[in-house]
Amino acid sequence: MSETTKTGPSDQGLVDVLVIGAGVTGIYQLHRARESGFSVKLLEAGSGVGGTWYWNRYPQARFDSESYTYGYLFSKELWEEWEWSEHFAGQPEIERYFNYVVDRFDLRRHISFGAKVTSAVWDETAGTWTVRTKDGSLHRARHVVAATGILSVPFVPAIPGREDFRGEQHHTGRWPKTPVDFTGKRVAQIGTGSSGVQIVPAIADEVAKLTVYQKVADWLTPLNNRPITPEEQASLKSDFETVRDTLNASPSGFLHQITMRSGLEDTPEQRQEFYETRWNGPGFTKLSEHYYDMTTNATVNEEWCEFIRTKIRSIVKDPATAEKLIPKGHGYGGRRPPFGTGYYEAYNKPNVELVDINETPIVRITETGIETAEGHQEFDLIIWATGYDFGTGALNRLGVRGRGGLPLEEYWADGPSTYLGVTTAGFPNFYFPGGPHGALGNNPRYSGDQVEYVMDLLVHARDYGHDVVEVTAAAEEEWTDLVNDSAGQSSFLKSSYFYGANIPGKPVKQLLNPTGRWKLQELIRESVQNDFSAFAFSKAQDAAEEEATA
């Protein structure tokens with residue numbers, strides 16, 4: 001089976017719905033649009049499907065959401081056919097899953113691979129979008145859905161000399177398909193976020209030396225992954241409807257149940273037992289099954305942090321290294337917490353070293369290594385585990401031009417403004433489920449809500465003979481104000497990448513929806529019940545005449 005569909009530099013014709021991006025959201029959007037009777041096409045920059053899980057193929061890349069809560073829920077047959085091997089599947093298995101889905105539902109014939117979008121321009125007169133790809137191909141569509149994701153544009157800090165390095169260097173978000181040989185090499189890793197904490201223990205035993213450069217320590221806790229037992233497999237299959245309904249209604253998008261009592265209702269001894277249970281629990285249960293006031297009650301949060309500090313100090317043998325690994329200046333939930341396996345233990349190996357770049361800043365990259373304030377060290381390979389341009393990074397790089405040629409990146413120069421995290425005023429027939437202002441929690445669950453909403457909107461427009469769909473400025477302003485004014489409902493600090501603070505020069509703005517999935521779902525229901533009153537509908541020619549008059 002060929003992985004790549006070749007396209008020439010020509011007009012590819014008009015479709016009803018053009019989707020950009022073959023990740024978890026884009027695949028679902030393609031499936032739903034086709035099932036709703038629209039002509040469809042999907043453009044994907046890579047040579048395979050999976051989005052983040054196509055590009056992130058570094059050693060031990062894996063879910064930190066339970067596998068079965070991340071996958072699709074639209075088909076009971078799919079649920080019964082596919083068996084995840086682990087509670088938190090690794091990248092190769094995840095990529096196989098998305099390929100299975102695409103082929104199982106005959107979606108591959110609608111996908112053009114190697115089709116990196118360079119521009120998307122709104123045509124006022126025709127009421128259509130013209131989308132150009134890097135090879136010069138033109139694609140026309142009535143509606144464009146940019147399912148480009150919130151974690152899809154790798155960020156590399158502007159450290160002088162990076163281009164001069166003569167060894168290998170790779171970003172975790174653009175890892176090569178050909179396996180990287182670490183055997184006996186001197187490796188530098190810059191960054192210790194979610195990908196960084198996975199890769200350190202994965203390569204520690206292969207390398208001659210691993211030096212990890214850390215900017216901010218985070219409250220890492222164990223992922224506690226394990227195989228899914230045959231009994232668990234049988235239970236998951238037999239409980240499909242219950243699992244689906246629970247996940248569809250869950251505020252977090254998980255099967256987890258928050259502990260509905262304050263930490264202060266327990267005795268100190270009971271709290272220590274509870275913390276031990278949480279430490280040994282899987283993944284996000286450290287947040288989603290904790291005391292309900294863990295992120296809001298300073299006493300409980302600090303006690304939980306002290307519990308983790310004690311764990312770090314008991315695991316890491318060198319006291320100085322342990323102290324570097326303990327976060328300073330923020331409590332648990334102040335930043336997106338990573339989950340790891342063997343991360344702290346890796347620093348007990350004699351060939352693994354941790355450098356705090358606040359104490360020992362990186363001065364430059366050289367031809368042979370890295371120079372810090374304390375001197376020069378030679379390396380054969382540099383790993384950039386430095387994260388992403390979160391939320392708006394991919395959308396602002398698509399070359400989107402709305403009414404009057406308005407660039408999306410200019411419209412969002414001070415931060416995104418959206419309606420329900422789905423669309424934005426001045427850009428008719430343009431949608432971005434899974435983008436900024438979506439929700440907190442398990443991404444495929446809330447982005448799935450948004451995909452369903454986009455489809456309800458498009459079917460409504462088709463049923464009433466509307467060509468052009470555009471959210472009103474008033475509706476956009478109301479939702480964006482709600483998102484920004486609700487920032488206090490989130491425990492995340494403005495130093496987090498959820499505000500874009502990791503990108504120099506990027507406005508520090510709310511990129512999430514702190515009101516949660518429940519509020520998103522509530523307003524989606526109201527919008528559908530009110531016949532999408534937040535939108536202006538028109539025929540293409542009518543819209544062009546109104547624009548010319550204005």
Side-chain angles (χ1 to χ4, degrees), residues 64-66 69 88 192-194 197 216-225 246 249-316 322-341 343-344 439-442 446 485-499 501 510 512-519:
D64 55 16
S65 300
E66 282 85 354
T69 71
F88 301 97
T192 56
S194 294
V197 302
V216 180
D218 285 313
W219 294 104
L220 178 139
T221 51
L223 181 63
N224 293 321
N225 187 31
T246 300
S250 166
S252 65
F254 293 109
L255 295 175
H256 310 154
Q257 297 295 321
I258 193 73
T259 300
M260 294 307 298
R261 67 179 186 276
S262 166
L264 300 183
E265 294 179 37
D266 283 354
T267 66
E269 293 77 18
Q270 288 172 327
R271 289 200 297 274
Q272 290 301 309
E273 291 179 8
F274 180 81
Y275 298 148
E276 190 69 38
T277 300
R278 293 281 65 79
W279 176 267
N280 292 307
F284 270 101
T285 58
K286 279 82 167 179
L287 270 173
S288 55
E289 290 194 349
H290 218 292
Y291 293 120
Y292 76 83
D293 61 349
M294 185 272 291
T295 60
T296 57
N297 186 310
T299 300
V300 177
N301 190 281
E302 169 55 26
E303 192 175 68
W304 170 235
C305 290
E306 182 58 28
F307 177 89
I308 301 174
R309 291 187 195 102
T310 301
K311 287 288 189 183
I312 296 171
R313 289 168 180 147
S314 71
I315 295 170
V316 181
E323 291 309 307
K324 291 178 184 177
L325 290 165
I326 293 172
K328 312 295 190 297
H330 71 278
Y332 193 88
R335 292 163 57 87
R336 199 275 198 192
F339 305 97
T341 301
Y343 179 68
Y344 294 132
L440 289 168
N442 196 3
Y446 78 75
D485 293 345
S486 301
Q489 297 182 25
S490 169
S491 65
F492 294 117
L493 303 176
K494 287 194 174 180
S495 60
S496 165
Y497 68 75
F498 291 132
Y499 288 84
Q510 178 62 258
L512 289 169
N513 157 28
T515 66
R517 187 187 183 199
W518 70 271
K519 189 65 173 179

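Because the structure is predicted, anything quoted here is derived from the model rather than measured.
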Self-check item: For H330 against A217, the heavy-atom pair lying closest together
Solution: CE1-O, 3.3 Å
Quiz item: Does the side chain of Q510 reach to within under 4.5 Å of the side chain of L512, using non-hydrogen atoms?
Solution: yes
Quiz item: Rounded to the nearest 0.5 Å, how far apart are CG of L223 and CZ of F88?
Solution: 4.5 Å
Quiz item: Going by the angle between their ring planes, with limits at 30° and 60°, are Y291 and Y275 parallel, tilted or perpendicular?
Solution: perpendicular
Self-check item: Nearest heavy-atom neighbours spanning Y446 and L440
Solution: CD2-O, 4.4 Å
Quiz item: Is there a donor-acceptor contact under 3.5 Å from the side chain of S250 to the main chain of S252?
Solution: yes
Quiz item: Counting distance only, does the side-chain N/O of K328 pair as donor-acceptor with the main-chain N or O of E323 below 3.5 Å?
Solution: yes
Quiz prompt | Main-chain N/O of G263 paired with D293 side-chain donor or acceptor, under 3.5 Å | solution = yes
Practice problem: Step through the shown structure and confirm whether more than 12 heavy atoms of other residues, nucleotides or ligands are within 6.0 Å of CD on E265. | Solution: yes
Quiz prompt | F254 side, atom CZ; T246 side, atom OG1 - distance, nearest 0.5 Å | solution = 14.0 Å
Quiz item: Okay, side chain of N442, backbone of T69: is any donor-acceptor separation there less than 3.5 Å?
Solution: yes
Quiz item: Are E276 and F307 side-chain neighbours, meaning at least one heavy-atom pair lies under 4.5 Å?
Solution: yes
Quiz item: Are any non-hydrogen side-chain atoms of H290 and Y332 less than 4.5 angstrom apart?
Solution: no
Quiz item: In Å, rounded to the nearest 0.5 Å, how long is the span from CG of D218 to CZ of F339?
Solution: 11.0 Å
Practice problem: Supply the atom-to-atom distance T192 OG1 to L220 CG, rounded to the nearest 0.5 angstrom. | Solution: 9.5 Å
Self-check item: Separation between CG of N280 and NZ of K286, rounded to the nearest 0.5 Å
Solution: 8.0 Å
Practice problem: Search all heavy atoms of P514 against all heavy atoms of S486 and return the closest pair with its distance. | Solution: CB-O, 3.3 Å
Quiz item: Looking only at heavy atoms, what is the nearest atom pair of P337 and L287, with distance?
Solution: CG-CD1, 3.7 Å
Quiz item: Do L255 and E66 have side-chain heavy atoms sitting under 4.5 Å apart?
Solution: no
Self-check item: Option among E273, M294, E289 that satisfies the side-chain contact (heavy atoms from CB on, under 4.5 Å) test with R278
Solution: E289
Practice problem: Search all heavy atoms of W279 against all heavy atoms of I315 and return the closest pair with its distance. | Solution: CZ2-CD1, 4.2 Å
Practice problem: Please report the shortest heavy-atom distance between N297 and S262, naming the atom on each side. | Solution: ND2-OG, 4.4 Å
Self-check item: Distance in Å, S495 OG paired with R335 CZ, rounded so as to fall on 0.5 Å steps
Solution: 5.5 Å
